[in-house]
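In this chain, numbering begins with 1 at the start of the sequence shown. Worth knowing before you read on, the calculation uses all heavy atoms, side chains too, and leaves out hydrogens, waters and symmetry mates.
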Amino acid sequence: MWDAIKYDADKYCCEHFLIDAYKHYTGIDISNKLLTSGFFKAPNIKNFDPVSEPKQYTIVMFRNRSGQTHVGLCIDGRVLHLEPQGVVWQTLNIVEQGFERVTYYEIV
């Protein structure tokens, strides 16, 4: 289903994919909570509640060592997210190993 999605840093990246995936699975549009001027801005995370453990449809935020932020969606214990090479399904364990900081958020 997600195979046709293509990453484009200027038009469609991880946060746009998160919005589409969240809406697909839950029927809820979170674009107004997540985006500012069409893209994710770190202060927008205040629109979500931090949680210590992910559940179904929890938003996963990753930060790498250089401080870049990436987002995905927890589904059945795996994280669905969009990377430059395309849509990726990874276990939480792999995501937690690959990034310096991983945090979880739910809709307020």
Side-chain angles (χ1 to χ4, degrees):
M1 165 179 172
W2 303 110
D3 295 340
I5 302 293
K6 301 293 182 210
Y7 180 93
D8 181 326
D10 296 322
K11 296 178 184 168
Y12 191 88
C13 49
C14 63
E15 59 265 20
H16 301 103
F17 178 72
L18 170 64
I19 290 165
D20 289 344
Y22 198 90
K23 188 170 186 177
H24 172 79
Y25 287 105
T26 68
I28 300 169
D29 182 359
I30 60 170
S31 59
N32 63 335
K33 293 178 181 257
L34 193 68
L35 302 182
T36 298
S37 300
F39 287 93
F40 175 73
K41 304 290 184 216
N44 290 353
I45 205 63
K46 71 180 181 305
N47 294 322
F48 302 89
D49 282 335
V51 295
S52 59
E53 293 292 322
K55 297 185 284 189
Q56 190 75 329
Y57 310 129
T58 296
I59 295 168
V60 182
M61 180 180 284
F62 328 61
R63 284 199 180 96
N64 63 19
R65 291 183 187 356
S66 64
Q68 293 176 314
T69 302
H70 182 64
V71 293
L73 183 63
C74 187
I75 301 171
D76 298 330
R78 297 185 302 161
V79 180
L80 176 67
H81 58 110
L82 180 63
E83 292 189 344
Q85 69 269 22
V87 175
V88 178
W89 282 96
Q90 293 179 312
T91 64
L92 283 169
N93 186 38
I94 295 297
V95 169
E96 289 170 347
Q97 290 176 17
F99 289 87
E100 183 176 43
R101 186 169 178 216
V102 179
T103 52
Y104 308 104
Y105 297 89
E106 293 185 359
I107 302 299
V108 175

Identify whether [X] and [Y] are in the same connected component of the hydrophobic contact network (ILVMFWY, side-chain heavy atoms under 4.5 Å).
X: F17; Y: L35; value: yes
X: I30; Y: M61; value: yes
X: V60; Y: I45; value: no

Residues that [X] engages under side chain to side chain donor-acceptor pair (under 3.5 Å), provided they are two or more places apart:
X: D49; result: none
X: S31; result: D29
X: N93; result: Q97
X: Y7; result: none

| Pairs involving residues 40-60, ordered by first then second residue, that meet ring pair (Phe, Tyr, Trp, His ring centres under 6.0 Å) (sequence neighbours left out) | Y25-Y57
| said: Taking ring pair (Phe, Tyr, Trp, His ring centres under 6.0 Å) as the cut-off, I'd like each qualifying pair that reaches into residues 87-108, sequence neighbours left out, listed once. | reply: F62-F99
I need the full list of salt bridge (Lys or Arg N to Asp or Glu O under 4.0 Å) pairs touching [range], with sequence neighbours left out, sorted by first then second residue.
range: residues 31-40; answer: none
range: residues 51-67; answer: K55-E106
range: residues 90-101; answer: none

Side-chain donor-acceptor distances from residues 71-81 under 3.5 Å, at least two apart:
unit_1, atom_1, unit_2, atom_2, d
D76, OD1, Q56, NE2, 3.1
H81, ND1, H70, NE2, 2.8
H81, NE2, Q90, OE1, 2.9

| remark: In short, side chain to side chain donor-acceptor pair (under 3.5 Å) pairs touching residues 13-23 with sequence neighbours left out are Y12-D20
| said: Nearest 0.5 angstrom please: I5 CD1 to L82 CG, how far? | reply: 7.5 Å
| query | Taking C-beta and beyond as the side chain, do I107 and I28 meet within less than 4.5 Å on heavy atoms? | reply | no
| remark: Residues passing the side chain to side chain contact (heavy atoms under 4.5 Å, CB included) test with D10, sequence neighbours excluded, are D8
